Protein chains: 2
Amino acid sequence: MLDRKIFFYIPSTFKLNNKIAFNMKKSVTIKDIAKELNVSIATVSRALRNSSEISKETKKAVLKLAKEMDYHPNLVARSLINKSSRVLGVVVPTINRQFWSNSISGIENEAYKVGYKVMIFQSAESYQKEVEIVEILANSMVDGILIAFSKETQDFAHVQHVVDRGIPVLLFERVSEFLQLSKVVTDDFLGAKTIVNHLIERGKNRIAYIGGPLSLTVCMDRFLGYKSALLENKIPFDEKLAIEISDFNVEYAGRAFKELWESGNRPDAVFCFADVLALGVLAVSKELKIKIPFELAIAGFGNDEIAKYVSPSLTTMDQPSFQIGQLAAKLILEQINSEEKDDFLFKTEIIKPVLVIREST
Amino acid sequence: MLDRKIFFYIPSTFKLNNKIAFNMKKSVTIKDIAKELNVSIATVSRALRNSSEISKETKKAVLKLAKEMDYHPNLVARSLINKSSRVLGVVVPTINRQFWSNSISGIENEAYKVGYKVMIFQSAESYQKEVEIVEILANSMVDGILIAFSKETQDFAHVQHVVDRGIPVLLFERVSEFLQLSKVVTDDFLGAKTIVNHLIERGKNRIAYIGGPLSLTVCMDRFLGYKSALLENKIPFDEKLAIEISDFNVEYAGRAFKELWESGNRPDAVFCFADVLALGVLAVSKELKIKIPFELAIAGFGNDEIAKYVSPSLTTMDQPSFQIGQLAAKLILEQINSEEKDDFLFKTEIIKPVLVIREST
DNA sequence: TTGTATGCGTTATCAC
DNA sequence: GTGATAACGCATACAA
């Protein structure tokens, strides 16, 4: 079957056509259709917006003609007059990592339900670009801005500034304690604790920890969550089972786990800091022919690119990152809607990013 | 070091503050600053837009007051009058896959250079949603729309419709031959051929092929690119070295490669259809302790999530998907700028998605 | 129920 | 140089 002749084969990409065509059209407005129908533009406007103060007949006539003339409402003009564009602006460091693209999907998902659109920008971890973006968004009449700060960002004046201009802003994941705003973040301590408890409940008591450098807050939080779970369950902490590796690297994690396994002091479960590390452990497990999950259970945080390879059944919506997005959108929409009422209370929502990767049954 | 006490530790996420605050402000306009300065709004407008027909003093005064009053131009109003928002609309099936998010990064990168913003929407592979999105974009005065069709999309009237309204549209990657528009696509045939030639140039002549089901056009194109390279280099096609697997699955690819390797009929290089498959091959290579790239070279298409794990040195901008985005943006911006001139010729650009994953030196 | 007039914030075309 | 004024496309208070 693989032995077909190729001489007369035309790759599909070559079948595409190159043609010319171009036409500049001015779009039809309510004015046009009003003139055509000999009514006022106010009447047309009312008919199109399904207003109550209009007769059935004129409404029908307007709608009919609008369709015939191929009328489309200009959302920009509508924004200007309504002082609302029904658009949320989102600023993330990059959309190239699953965590952020998932978050955005969550935001979009929630926004879409109530007819909101989402405008996405990437700061590319650049403070300067972030400042520019926030300025653009603020000047574009978006109804709200959701920001995850770039790594460079130390000064938050640009955000405080748009807040002072009365624009709803929400921070997620990469937040600042200096800004009094609604925030959505993951709770690393509680998340880790929950995961480890999960393993303990399933009868594991020699649970290894493999994580990144403890100098990072996120690592320390997760490590202490791990310890806390052991403590509460009266499982002694075994220093030899806890490994701190210097970087989030598949190879390092694999090597560390290999040494651990071959040391004889074998764990019955591994709590991995992130699924990049889990992948390393999984790879070595395969190499060593360890049965997952029966001989060894692997669980950890799953907010990374690799998750779906490790756990193919995982859908986007299962990801904590997606839920962060959803919650973030929900919160800012709440704030936007309460703007008139002038009684909004900022909230900080904390997500437990539990994602069990391969647990034993 | 890992033995710290945790009793007094406060996870960082708990340090966040919940406070209230809220203020609705009406933004300052050129009218406000004109009144304050006792000049006309026209003068203010000219000063702010750095017009030539204005005196240095008034300009300076306006700029100074504008800063003091915290003036920001309303981009929506500007769009309305300029009939241009300097925004590109992008519709992709999802941003959750590296291929698409990379493409978007490419688009953004190019657009950003000329002061354009990018509005991103996900069709979620739904035709219905795609139609809605295109409508929204068309009504939002975006200057151009870039679309990669959803899998469901068979009917292209929604696109033809906005084209007829005079809105520049460009198709990328998932295109249609029924629409006469500029397009940017990858050339699977040439891409595969180039990769295989690359391996041949490096002295390999027992090059295995591992790819997906040939019923898919993309697979057939790549397979024939592989064959074509062999043919041109007078290397006989060995049926036993060409493996068609039923799905894009890490495990399948690994298993197929393992069988191949253990059959004794060993290749000195593998051309992998996609890097998901390459990952499978890499995993098994590790298991079998095959030296990569010395004993075996692996090369293939690299538009997938896994690429950076396989080839850590790879940057986003190296990805063909990024280049597709760049080219797409370049083309549509060209079209937008030539709109007045009414002389634009649609082009189809074909990208060769060559990404060598682990080549031998 | 419909029409008139005004405004959203900005730019552009005239005059002066 | 600067100032009125008319757009851009739409919505609405008010009048009829």
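Predicted model only: the values in this text are computed from it and were never measured. The chains referred to below are lettered A, B, ... by the order of the sequence lines, with proteins before strands, and numbering in each begins at 1.
In this structure, A/Arg78 atom CZ and C/dG9 atom P are separated by 18 Å, rounded to whole Å. Between B/Asn82 atom CG and C/dA12 atom P the separation is 6 Å, expressed in whole Å. The NE2 atom of B/His72 sits 16 Å away from the C1' atom of C/dT10 (whole-angstrom rounding). At whole-Å resolution of the value, CD1 in B/Ile41 and P in C/dG9 are 11 Å apart. For the pair A/Met141 CE and C/dT10 P, the interatomic distance rounds to 10 Å; values are reported in whole Å. To the nearest angstrom, P of C/dA12 lies 13 Å from NZ of B/Lys83. When the P atom of C/dT4 is taken as reference, atom NZ of A/Lys31 falls 14 Å away, rounded to whole Å. The nearest whole Å value for the distance from the CZ atom in B/Arg46 to the P atom in C/dT13 is 11 Å.
Along DNA chain C, the nucleotide nearest to A/Lys56 and the one nearest to A/Ala42 differ in position, and the one closer to the 5' end is contacted by A/Lys56. Comparing A/Val28 and A/Glu53 by the nucleotide of DNA chain D that holds the closest heavy atom to each, the one mapping nearer the 5' end is A/Val28. Nearest-nucleotide assignment on DNA chain C puts the 5′-proximal partner with A/Ile54, out of A/Ile54 and B/Leu48.
Among the atoms of the strands shown, none is found under 4.0 Å from any heavy atom of A/Val76. Across all strands, A/Thr58 comes closer than 4.0 Å only to sugar-phosphate atoms, never to a base (heavy-atom distances). A/Arg49 comes within 4.0 angstrom of sugar-phosphate atoms only, judged by non-hydrogen atoms across all strands, and of no base.
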Give the C-alpha distance, both sets of side-chain angles, the deciding distance and a yes or no for salt bridge (Lys or Arg N to Asp or Glu O under 4.0 Å) between A/Glu152 and A/Lys129. CA-CA 10 Å; A/Glu152 276 183 27; A/Lys129 198 166 176 196; over 6 Å; no
Start with the C-alpha distance between B/Leu179 and B/Val163, add both sets of side-chain angles, then the distance that settles side chain to side chain contact (heavy atoms under 4.5 Å, CB included), and finish with yes or no. CA-CA 10 Å; B/Leu179 293 168; B/Val163 171; 5.9 Å; no
Quick one, A/Lys347 with A/Glu334, criterion salt bridge (Lys or Arg N to Asp or Glu O under 4.0 Å). Give me CA distance, side-chain angles, the key distance, then yes/no. CA-CA 11 Å; A/Lys347 292 178 195 162; A/Glu334 238 176 57; 2.9 Å; yes
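The shortest distance between side-chain heavy atoms of B/Phe172 and B/Ile107 falls below 4.5 Å.
Note on A/Glu68 versus A/Lys64: salt bridge recorded, some NZ/NE/NH1/NH2 to OD/OE distance being below 4.0 Å.
Considering only side-chain N and O atoms, A/Ser40 lies under 4.0 angstrom from the phosphate OP1 or OP2 of C/dG3. OP1 or OP2 of C/dG9 has not a single side-chain nitrogen or oxygen of B/Ser45 nearer than 4.0 Å.
The ring-ring contact (aromatic ring centres under 6.0 Å, His included) analysis of residues 127-161 of chain B, with sequence neighbours excluded, yields the pairs A/His72-B/His161, B/Tyr127-B/His158, B/Phe149-B/Phe156.
Among C/dT2, C/dC8, C/dA12, the nucleotide with an atom closest to any side-chain atom of A/Ile81 is C/dC8.
Counting non-hydrogen atoms of other residues, nucleotides and ligands closer than 6.0 Å to NZ of A/Lys31 gives a total of 12 or fewer.
Here chain B contacts DNA chain D (any atom closer than 4.0 Å to a heavy atom, that is under 4.0 Å), and the contacts span D/dG1 to D/dG9 from 5' to 3'.
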